[in-house]
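Chain naming here is simple, since letters A, B, ... match the order of the sequence lines and numbering starts at 1 in each. In this text the structure is predicted, and so the values were computed from the model without any measurement.
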Number of protein chains: 2
Amino acid sequence: MTNEEILAITALNSWKLVIGRFDHILAEWTDEQLQNRIAPDKNRLFYLVGHLTAVHDRMFPLLGLGERLHPELDEVYITNRDRLLADPVGASDLRKAWAEVNSKLTVAFERFTPKDWLQKHAAVSADDFAKDPTRNRFAVVMSRTNHASYHSGQAVLAE
Amino acid sequence: MTNEEILAITALNSWKLVIGRFDHILAEWTDEQLQNRIAPDKNRLFYLVGHLTAVHDRMFPLLGLGERLHPELDEVYITNRDRLLADPVGASDLRKAWAEVNSKLTVAFERFTPKDWLQKHAAVSADDFAKDPTRNRFAVVMSRTNHASYHSGQAVLAE
């Protein structure tokens, strides 16, 4: 393997590890327990799962990987705070959406060459990207991996 | 820049961003507020700062960057749970240790070439590393970045 291939694979492993850990947390909760809050007056687990699924789903267009699978999640789990709007899906459909989005993304990432990782993402202009080539797909996936870790730290606090 | 350089710099930016965000959280709390808990019966903020400082300090020997700066933090903030032992440092010394450890690490990371990032870390044997070259310094720093994100998500819950 070349250096650039090893660097890309090492980062992909980091994404897989964080998603796998969240899968594990999620598998430990019953559908009823998903209504528990991470702390008094804070978000429900259900909201966190919806939020992460919606944010990850947005990576399809952002990384040029095609259409989104679940745009219906944004209004409730990104635009608004928890409990302002009713959940648009039940627990089993939410679990399915979470698994589907991440598995489809991971398959796409596994096919990326280092050059693919370094393509610009859709939210940066060609001019800005020319000035700063770190605004690439690799940066987006690392940012989402950190974001998933951030909410994983909260999810484990629920009782 | 070469592809491998851009990949390495993109990842280093991710480390800097996460540390910078935790710096920001930390700056918002008074020394007294560091005694608050992230949720009822959970860790104190003070413990989280001690924990992250100790874990990051361990990267000096793990990544071949020299001696640790604060080995005295391990017993209280890694080996034991929060509140089992008295804090070995006051708030201002803890803030200083946090800043010192991360700033020294960041300076070292900024000097790494892609080849430096891909060196094996000290906790893997030469044989195992030959079989799996992703057990490198780059993987360690991405793992610690995710770990810091995990606890950042908890720290923002404190009131």
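- In the hydrophobic clustering of ILVMFWY residues, with side-chain heavy atoms under 4.5 Å counting as a link, B:Val124 and A:Ile9 come out apart.
- Side-chain heavy atoms closer than 4.5 Å link hydrophobic residues (I, L, V, M, F, W, Y) into clusters, and following such links, even through other members, never connects B:Val18 to B:Trp98.
- Neither the backbone nor the side chain of B:Ser143 comes within less than 4.5 Å of any heavy atom in chain A.
- For the set B:Thr2, B:Leu17, B:Asn136, B:Ile38, the entry with the most heavy-atom pairs within less than 4.5 Å of chain A is B:Asn136.
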Verdict with reasoning, A:Thr10 to B:Trp117, per side chain to side chain contact (heavy atoms under 4.5 Å, CB included)
CA-CA 11 Å; A:Thr10 306; B:Trp117 279 112; over 6 Å; no

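- A:Val156 is listed as a side-chain neighbour of B:Tyr150, based on a closest heavy-atom distance under 4.5 Å.
- Residue B:Leu118 touches chain A through its side chain alone, counting heavy-atom pairs closer than 4.5 Å.
- One hydrophobic cluster, built from ILVMFWY side chains closer than 4.5 Å, holds both A:Val49 and A:Leu69.
- By the criterion of side-chain heavy atoms lying less than 4.5 angstrom apart, applied directly or through intervening Ile, Leu, Val, Met, Phe, Trp or Tyr residues, B:Ile78 is not grouped with B:Leu105; the two fall into different hydrophobic clusters.
- The environment of CD in A:Glu100 is crowded: more than 12 heavy-atom neighbours from other residues, nucleotides or ligands sit within 6.0 Å.
- Placement of B:Val55 and B:Phe46 in two distinct hydrophobic clusters is found when ILVMFWY residues are connected by side-chain heavy-atom separations under 4.5 Å, directly or transitively.
- Once rounded to the nearest 0.5 Å, the distance linking CE of B:Met142 with CG of A:Leu7 reads 7.5 Å.
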For B:Asn146 and A:Thr145, run side chain to side chain donor-acceptor pair (under 3.5 Å): C-alpha distance rounded to whole Å, both residues' side-chain angles, the deciding distance at 0.1 Å, then the answer.
CA-CA 7 Å; B:Asn146 279 313; A:Thr145 304; 5.5 Å; no

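- By the neighbour-count criterion of 12 heavy atoms within 6.0 Å, atom CD of B:Glu67 is sparsely surrounded, having that number or fewer from other residues, nucleotides or ligands.
- Only the side chain of B:Glu159 comes within less than 4.5 Å of a heavy atom of chain A; its backbone N, CA, C and O stay farther away.
- Across all non-hydrogen atoms, the minimal contact from B:Met1 to A:Pro133 is CE-CG, 3.6 Å.
- A donor-acceptor distance shorter than 3.5 angstrom exists from the side chain of A:Gln154 to the backbone of B:Gly153, with no hydrogens or angles considered.
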Take B:Ile6 and A:Phe138 through the test side chain to side chain contact (heavy atoms under 4.5 Å, CB included) and record every step on the way to the result.
CA-CA 10 Å; B:Ile6 302 174; A:Phe138 196 63; over 6 Å; no

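- Using a 4.5 Å cut-off on side-chain heavy atoms (C-beta onward), A:His147 and B:Ser149 make no contact.
- Within a 6.0 Å sphere centred on CD of A:Gln33, other residues, nucleotides and ligands contribute more than 12 heavy atoms.
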